[in-house]
Amino acid sequence: MFLTNENFPRSAILSLRRAGYIVKSIQEDHQGIKDEEVLRIANELGYVIQTFDRDYGELIFKYAEKNPPAAVFFREKGAMPDAAATVLLKLLTEQRVKISGAFTVIDSNNIRQRFYKTPNA
């Protein structure tokens, strides 16, 4: 289950939903809220944050009272609007990357992860 930040492309949201994932969108439901509120919602629902906002790394590791179940930061939007969904689906299905309990950074050349304690751990 994913919580897409306000900057996440709508076509990527729709691609994830078509693939069978539950996706709650800040863009659709809570436009204009602060990042701290996005973290609160992610914790409350137990959803993985999807974002293009680089501030989440600092927010999670320096300032968050509780870490979200996971966060995925995409450094690049890609050439196609649904590129983020395509990359994420490939990682989850073909490469079997575990994103739970981690801040995952995805760019065109690699994936980096920093694991942390989740609220339920």
Side-chain angles (χ1 to χ4, degrees):
M1 295 175 281
F2 299 116
L3 176 64
T4 59
N5 198 17
E6 195 166 11
N7 60 8
F8 210 77
R10 177 134 175 84
S11 59
I13 294 167
L14 296 175
S15 291
L16 290 170
R17 287 177 178 159
R18 279 191 300 274
Y21 289 93
I22 296 170
V23 181
K24 183 167 179 61
S25 167
I26 296 299
Q27 180 186 110
E28 295 170 352
D29 301 330
H30 303 286
Q31 278 190 350
I33 66 171
K34 294 184 179 212
D35 293 343
E36 293 83 1
E37 184 67 9
V38 174
L39 281 174
R40 186 195 64 73
I41 292 169
N43 279 316
E44 183 179 287
L45 298 175
Y47 283 20
V48 174
I49 296 171
Q50 307 287 317
T51 188
F52 287 94
D53 186 345
R54 71 177 54 234
D55 295 339
Y56 275 85
E58 182 176 17
L59 187 61
I60 289 169
F61 290 106
K62 285 189 178 180
Y63 301 111
E65 292 178 22
K66 288 173 67 176
N67 291 323
V72 179
F73 165 55
F74 295 87
R75 285 187 168 268
E76 302 156 357
K77 289 202 177 184
M80 301 299 291
D82 64 345
T86 302
V87 169
L88 182 62
L89 290 170
K90 185 175 181 179
L91 290 174
L92 294 173
T93 58
E94 294 175 17
Q95 297 181 9
R96 307 224 188 275
V97 172
K98 180 183 183 269
I99 60 173
S100 182
F103 183 78
T104 301
V105 178
I106 299 173
D107 65 28
S108 59
N109 297 319
N110 68 12
I111 300 163
R112 290 177 289 123
Q113 293 185 294
R114 182 172 172 192
F115 288 88
Y116 54 75
K117 281 188 116 176
T118 60
N120 300 325

Exercise for the section: State, yes or no, whether a side-chain contact exists between Gln113 and Val105 at a heavy-atom distance under 4.5 Å. Expected result: no

Fill in the blank from the handout: Interatomic distance, CD@Gln27 vs OG1@Thr4, rounded to 0.5 Å, equals 6.5 Å

Practice task
Quick one: pull up CG in Asp35 and OG1 in Thr51 and give me the separation to the nearest 0.5 Å.
Solution key: 7.0 Å

Handout entry: Spacing of Ser25 atom OG and Gln31 atom CD [to the nearest 0.5 Å]
Key = 8.0 Å

Practice task
Group every Ile, Leu, Val, Met, Phe, Trp and Tyr by side-chain heavy-atom contacts under 4.5 Å, then state whether Val87 and Leu14 land in the same group.
Solution key: no

Handout entry: Separation of Ile49 CD1 from Ile99 CD1 (nearest 0.5 Å)
Key = 11.0 Å

Exercise for the section: State, with a plain yes or no, whether a side-chain heavy atom of Arg75 is found less than 4.5 Å away from one of Ile106. Expected result: no

Fill in the blank from the handout: CD1 (Ile26) and CD1 (Ile33) are apart, to the nearest 0.5 Å, by 4.0 Å

Handout entry: Side-chain donor/acceptor of Asn43 to backbone N/O of Lys66, under 3.5 Å
Key = yes

Handout entry: From Leu91 atom CG to Leu88 atom CG, the distance as rounded to the nearest 0.5 Å
Key = 6.5 Å

Handout entry: Pairwise side-chain contact, Lys24 with Met1, heavy-atom cut-off 4.5 Å (strictly under)
Key = no

Practice task
Output every pair passing ring-ring contact (aromatic ring centres under 6.0 Å, His included) with a member in residues 66-86, not counting sequence neighbours, ordered by first then second residue.
Solution key: Phe8-Phe74, Phe52-Phe74

Practice task
Determine, using the 4.5 Å side-chain heavy-atom cutoff (strictly less than), whether Ile60 and Val38 are members of one ILVMFWY cluster.
Solution key: yes

Handout entry: All side chain to side chain donor-acceptor pair (under 3.5 Å) counterparts of Glu28, not counting sequence neighbours
Key = Arg10, Arg17

Problem - Pairing of Arg40 and Glu36 as salt bridge, 4.0 angstrom limit - result: no

Handout entry: Pairwise side-chain contact, Phe103 with Val72, heavy-atom cut-off 4.5 Å (strictly under)
Key = no

Practice task
Identify whether Ile111 and Val48 are in the same connected component of the hydrophobic contact network (ILVMFWY, side-chain heavy atoms under 4.5 Å).
Solution key: yes

Exercise for the section: Can you label the angle between the Phe2 ring and the Tyr21 ring as parallel, tilted or perpendicular, going by 30° and 60°? Expected result: tilted

Problem - Nearest heavy-atom neighbours spanning Ala12 and Ala85 - result: O-CB, 3.4 Å

Problem - Sidechain-backbone polar pair: Asn5 side chain, Asn7 backbone, donor-acceptor under 3.5 Å - result: no

Practice task
Any chance you could lay out the side chain to side chain donor-acceptor pair (under 3.5 Å) test for Asp82 and Ser15, step after step, and finish with the verdict?
Solution key: CA-CA 7 Å; Asp82 64 345; Ser15 291; 3.3 Å; yes

Problem - Closest heavy-atom pair and its distance - Ala42, Leu3 - result: N-CD2, 3.7 Å

Exercise for the section: Provide the closest heavy-atom pair for Leu92 versus Val97 in the form atom of the first, atom of the second, distance. Expected result: CD2-O, 3.8 Å

Practice task
Kindly indicate whether the side chain of His30, heavy atoms from C-beta on, has any atom under 4.5 Å from the side chain of Ile41.
Solution key: yes

